[in-house]
Amino acid sequence: MSMDIETELNDAQREAVLTTEGPVLVIAGAGSGKTRTIVYRLAHLVRQGIDPAQILLLTFTRKAAQEMLNRAGTILGHPLTGTSGGTFHSFAYATLRRNAADLGFDNGFTLMDRSDCESVCKDVKDSLTLGKGDRSYPKKATLLDMITKSRNKELPIESIMEREAYHLTPYLDDLNSIAAGYAAFKRQHALVDYDDLLFLLDELLTRNEPLRNQLQARYRYIMVDEYQDTNLVQARIVQHLAGKRGNVMAVGDDAQSIYAFRGANVANILDFPKNFEGTKIIRLEKNYRSVQPILDLTNEILQGATIRFDKHLYSDLKSDALPEVVYPLSDQTQARLVVDQILELGRKYSLHDVAVLFRAGYQSFPLEVALTRVGVDYQKFGGIRFHEAAHIKDVLAYLRLVVNPHDLMAWQRALEHVKGVGPKTVAKIYKAMHTNDAKYMATVTRKHESLRELLNELDGLRNMPPKPSAVLERVLAFYQPVLIDKYPDDYPKRQAGLEQLSQIAQNYVDMDQLLGDLSLDGDPDEEKRKENAVVLSTVHSAKGLEWSAVIVIDLVEDRFPSRKAMQRPEDLEEERRLMYVACTRAKQCLKLFVPSSVYNRQSGLSDPTLPSPFVLELSGGVFTPLKESYSGGLEKRWPVDTKPVHREPAPSRTAAGASADSPAPGTVPPAQLGFCTHKIFGKGKIIACPEPNKYKVNFPGFGIKTIIGDYLEML
DNA sequence: CCACCTGCTGTTTTT
DNA sequence: CAGCAGGTGG
């Protein structure tokens with residue numbers, strides 16, 4: 001492949017590629033050739049004679065980094081060797097491992113995944129004897145959420161609570177104690193969570209000047225992708241690495257910021273020019289991905305935003321076909337209709353070029369069943385990850401113990417397979433081992449004969465050369481009976497997973513590296529898109545990707561936007577950007593599905609739905625509406641808003657629904673539903689208007705109340 | 001102290 | 001439908 005900067009790039013892209021010195025901020029709209037720009041810049045730098053090892057490319061997923069490096073290699077005609085590319089987290093992991101002793105980890109450390117972190121939270125909670133008998137006590141997942149959110153946003157737990165979890169206020173003191181206990185536990189057992197990777201790197205770079213200088217000297221050219229989704233500590237890391245020279249190119253799009261929930265701060269991209277003096281700002285606005293009718297629709301989604309974006313994408317790609325909005329009767333029939341659409345699209349496109357997107361992982365379950373029934377293969381992104389499966393974690397626990405004897409989480413997993421040994425016994429054994437209490441060890445091993453064997457086996461592992469594949473081989477051999485015993489129903493399937501793990505291990509010489517990569521990057525086998533498998537993905541996991549045809553399902557209130565995001569206006573804004581990301585993935589064909597009812601587990605019945613506000617506010621001209629007929633087909637549905645909708649004397653939330661389609665009878669157009677305040681209950685969300693001037697309002701902490709309009713102030 | 005059973009609660013997104 | 005607390009029997 002050739003590299004012709006003159007003909008293959010537009011003016012803005014070319015400028016971004018050719019500006020190699022000094023800070024550059026590239027505001028890259030969706031589909032504006034951002035990846036191409038980064039790839040060409042990589043190639044250009046190397047062609048200029050820059051040593052590839054002096055380039056650092058930080059991206060959001062390791063997959064993205066790998067793909068960019070590969071493409072740059074293709075352009076150059078030889079692979080880029082020595083370039084560091086990956087996520088902030090993987091870069092941090094590698095750097096910390098080389099400097100573990102400096103951070104007080106003399107025996108190395110182990111990276112915990114999400115479920116490890118949750119169980120630590122639970123253990124700490126139990127050991128502080130908090131929440132006994134309280135059924136509504138925050139779950140371990142909630143506890144961890146609050147702790148990491150507080151860290152990522154660098155705010156006290158109290159502020160996080162005030163802003164987004166008012167109902168947890170009674171537990172504030174508990175949460176602070178649990179957070180402290182959690183931190184102490186990690187230290188004590190040489191464990192590190194995802195957040196620690198970033199904070200420890202920041203600490204290291206701040207404190208260790210020689211190291212900082214060394215890294216600054218090495219990485220003379222830094223590129224950071226998806227800058228809108230970095231948080232405060234990531235921005236500091238970039239500043240440390242860039243140093244005075246400030247040779248940083250940040251690329252991102254404020255309209256695609258969808259990770260505020262984990263502490264991402266859009267201010268980073270907006271303030272980049274302030275933090276790096278003399279920043280050259282380049283905007284990429286021409287879209288090369290989507291046909292114009294799709295962009296007309298996505299531009300409208302952005303127009304509804306409270307804080308307007310200075311952005312309007314345009315494209316040369318024409319099409320006569322408008323995006324479609326399809327109204328199935330229920331989420332069950334939606335699955336069937338989507339399968340029909342997939343089969344039809346499969347005639348025009350390769351199936352791996354067709355994607356179904358949704359807000360949350362579980363929303364694809366009915367579709368997965370339907371696809372399996374008709375025999376269509378699919379590949380799902382954003383579900384349970386490879387390394388989170390119980391049997392994989394079991395096996396990895398033994399590997400972890402080879403590296404880090406303080407890893408209590410791993411001890412628990414490993415020893416609890418012995419019949420008669422539970423959490424309490426493990427804790428005692430752990431303590432006895434670390435205090436050389438031979439007497440207890442003798443007693444306990446006499447009581448459980450198979451424990452003795454297991455400990456001998458572990459010693460054997462520790463004494464062999466730490467070659468991952470060899471150690472794993474031995475672990476798998478003695479894990480085999482446990483596997484069959486523990487999973488009598490489906491152990492053959494899990495066995496296949498373990499063999500896959502063996503395959504992966506072949507590629508590693510270093511145990512730490514293997515463990516880190518598994519936790520930081522999930523299933524390395526997922527890299528390649530399967531041929532002839534339709535893609536199912538959460539919108540978050542679809543970021544940065546594109547398909548010829550995209551179907552978005554479950555576009556109803558409480559699902560997309562998610563129910564949890566309906567409490568606060570700023571969360572709703574993030575959902576809007578998420579909707580924008582979803583729709584801008586489509587190149588030629590976009591279909592939005594709005595089921596009229598969804599199955600409700602609690603009642604066992606189908607509940608009627610309200611269409612997502614993001615669909616309601618679209619003007620009639622940008623899409624073709626189709627509804628499911630009672631016979632199961634699709635027919636054109638004419639916009640019914642010819643008869644004027646009776647409007648309440650205007651709660652002023654008009655941004656939504658200016659030209660909305662008429663809602664189903666008996667419901668109220670969400671255009672009128674917004675937020676309000678009440679003298680006693682405070683701020684709440686209006687969820688229905690059963691009769692004129694009477695509203696059902698959900699007040700956080702008080703629940704749903706029906707209130708006369710006169711007592712409410714509309715926001 | 002551990003394993004197993006019962007009945008209640010409440011469902012986002014990810015490195 | 002899972003995840004979890006609490007009770008019971010070994």
Side-chain angles (χ1 to χ4, degrees), chain A residues 58-65 86-93 111-115 117-119 122 125-126 131-142 144-145 148-149 151-152 164 192-198 201 226 229-231 233-234 257-264 357-365 381-385 387-388 415-416 418-429 444 447-448 516-522 537-543 554 558-567 571 574-575 577-579 581-582 598-602 604:
Chain A
L58 294 172
T59 58
F60 209 66
T61 64
R62 193 195 294 259
K63 196 164 60 175
T87 61
F88 276 92
H89 290 87
S90 65
F91 175 74
Y93 183 74
L111 178 61
M112 296 192 291
D113 70 9
R114 168 89 198 188
S115 71
C117 300
E118 286 183 2
S119 15
K122 188 182 176 306
K125 186 198 85 178
D126 290 346
K132 253 196 164 25
D134 181 352
R135 281 193 164 272
S136 60
Y137 201 85
K139 310 241 166 304
K140 60 186 183 183
T142 313
L144 182 65
D145 270 351
T148 56
K149 207 166 248 194
R151 295 193 72 202
N152 278 291
E164 51 192 287
V192 155
D193 66 16
Y194 291 119
D195 304 331
D196 292 328
L197 291 177
L198 303 178
L201 179 59
E226 308 282 11
D229 284 323
T230 55
N231 62 18
V233 62
Q234 287 170 324
S257 146
I258 54 174
Y259 277 94
F261 72 89
R262 79 176 204 209
L357 305 183
F358 34 85
R359 173 68 243 261
Y362 72 90
Q363 288 170 1
S364 66
F365 293 158
F381 294 94
I384 323 118
R385 288 163 179 284
H387 70 275
E388 283 168 7
L415 299 188
E416 282 174 20
V418 178
K419 279 269 175 273
V421 175
K424 286 277 154 57
T425 314
V426 175
K428 278 192 202 158
I429 295 173
V444 80
K447 199 163 153 197
H448 310 283
D517 280 8
L518 281 169
S519 296
L520 288 166
D521 212 27
S537 175
T538 60
V539 181
H540 282 92
S541 301
K543 186 163 92 155
D554 275 354
D558 286 356
R559 290 203 172 185
F560 198 165
S562 151
R563 171 143 46 125
K564 302 218 169 176
M566 301 296 281
Q567 316 287 329
D571 287 343
E574 178 147 315
E575 298 286 303
R577 296 190 295 270
L578 201 54
M579 175 71 177
V581 169
V598 292
Y599 180 72
N600 182 329
R601 254 202 298 306
Q602 279 163 343

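In what follows, chains are A, B, ... by sequence order, proteins preceding strands, each numbered from 1.
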Handout entry: Phosphate-side-chain proximity, A:Thr61 and B:dT15, N/O vs OP1/OP2 below 4.0 Å
Key = no
Practice task
With the side chain of A:Thr425 defined as its heavy atoms from C-beta on, choose the nearest nucleotide among B:dT15, B:dT14, B:dC2.
Solution key: B:dC2
Practice task
Would you check, one step at a time, whether the test side-chain contact (heavy atoms from CB on, under 4.5 Å) holds for A:Arg62 with A:Leu520?
Solution key: CA-CA 9 Å; A:Arg62 193 195 294 259; A:Leu520 288 166; 4.0 Å; yes
Problem - CA sep, side-chain torsions, deciding dist, call: A:Asp193, A:Arg114, salt bridge (Lys or Arg N to Asp or Glu O under 4.0 Å) - result: CA-CA 8 Å; A:Asp193 66 16; A:Arg114 168 89 198 188; over 6 Å; no
Problem - side-chain contact (heavy atoms from CB on, under 4.5 Å), paired with A:Arg151, selected from A:Leu198, A:Asp195, A:Val233 - result: A:Asp195
Completion exercise
Taken to the nearest whole Å, NE2/A:His448 to P/B:dC2 is 8 Å
Practice task
Give A:Lys564 one of three labels, base, sugar-phosphate or nothing, depending on what nucleic acid heavy atoms sit under 4.0 Å from its own.
Solution key: base
Problem - Between B:dT14 (C1') and A:Lys149 (NZ): distance, integer Å - result: 12 Å
Problem - A:His540 ring center within less than 6.0 Å of A:Phe261 ring center - result: yes
Handout entry: OP1 or OP2 of B:dT12 under 4.0 Å from side-chain N/O of A:Thr538
Key = no
Problem - A:Phe60 six-ring centre to A:Lys543 NZ/CZ under 6.0 Å and within 45° of normal - result: yes
Problem - Rounded interatomic separation in angstrom, taking CG from A:Leu357 and C1' from B:dT12 - result: 15 Å
Practice task
Using whole Å, report how far CG of A:Asp193 lies from P of B:dT14.
Solution key: 18 Å
Exercise for the section: Decide, applying a 5.5 Å centre-distance limit and a 30° plane-angle limit (both strict), whether A:Tyr259 stacks on B:dT14. Expected result: no
Handout entry: Length of the line joining A:Asp145:CG and B:dT15:P, which is rounded to integer Å
Key = 15 Å
Completion exercise
In whole angstroms, the gap separating C1' of B:dT12 from CD of A:Glu575 amounts to 8 Å
Practice task
Starting at atom CZ of A:Phe261, determine the distance to atom C1' of B:dT13, rounded to an integer number of angstrom.
Solution key: 4 Å
Completion exercise
A:Lys419 and A:His448 have their tightest heavy-atom pair at O-ND1, 3.7 Å
Fill in the blank from the handout: Of the candidates B:dT15, B:dC1, B:dT14, the side chain of A:Lys428 sits closest to B:dC1
Practice task
Return no unless some side-chain N or O of A:Ser90 is found under 4.0 Å from OP1 or OP2 of B:dT15.
Solution key: no
Practice task
Heavy atoms only: give me the nearest A:Gly86-A:Ala65 pair and the separation to one decimal.
Solution key: N-CB, 3.6 Å
Exercise for the section: Between A:Val421 and A:Arg563, name the one whose nearest nucleotide on DNA chain B is closer to the 5' end. Expected result: A:Val421
Practice task
In whole angstrom, give the distance that lies between atom CZ of A:Arg262 and atom P of B:dT12.
Solution key: 18 Å
Practice task
Treat primed atoms plus P, OP1 and OP2 as sugar-phosphate and everything else as base, then score nucleotides 3-8 of chain C 5' to 3': B for base contact with protein heavy atoms under 4.0 Å, S for sugar-phosphate contact only, - for none.
Solution key: -SSS--
Handout entry: Closest-nucleotide ordering on DNA chain B, the 5'-leading residue of A:Pro423 and A:Glu574
Key = A:Pro423
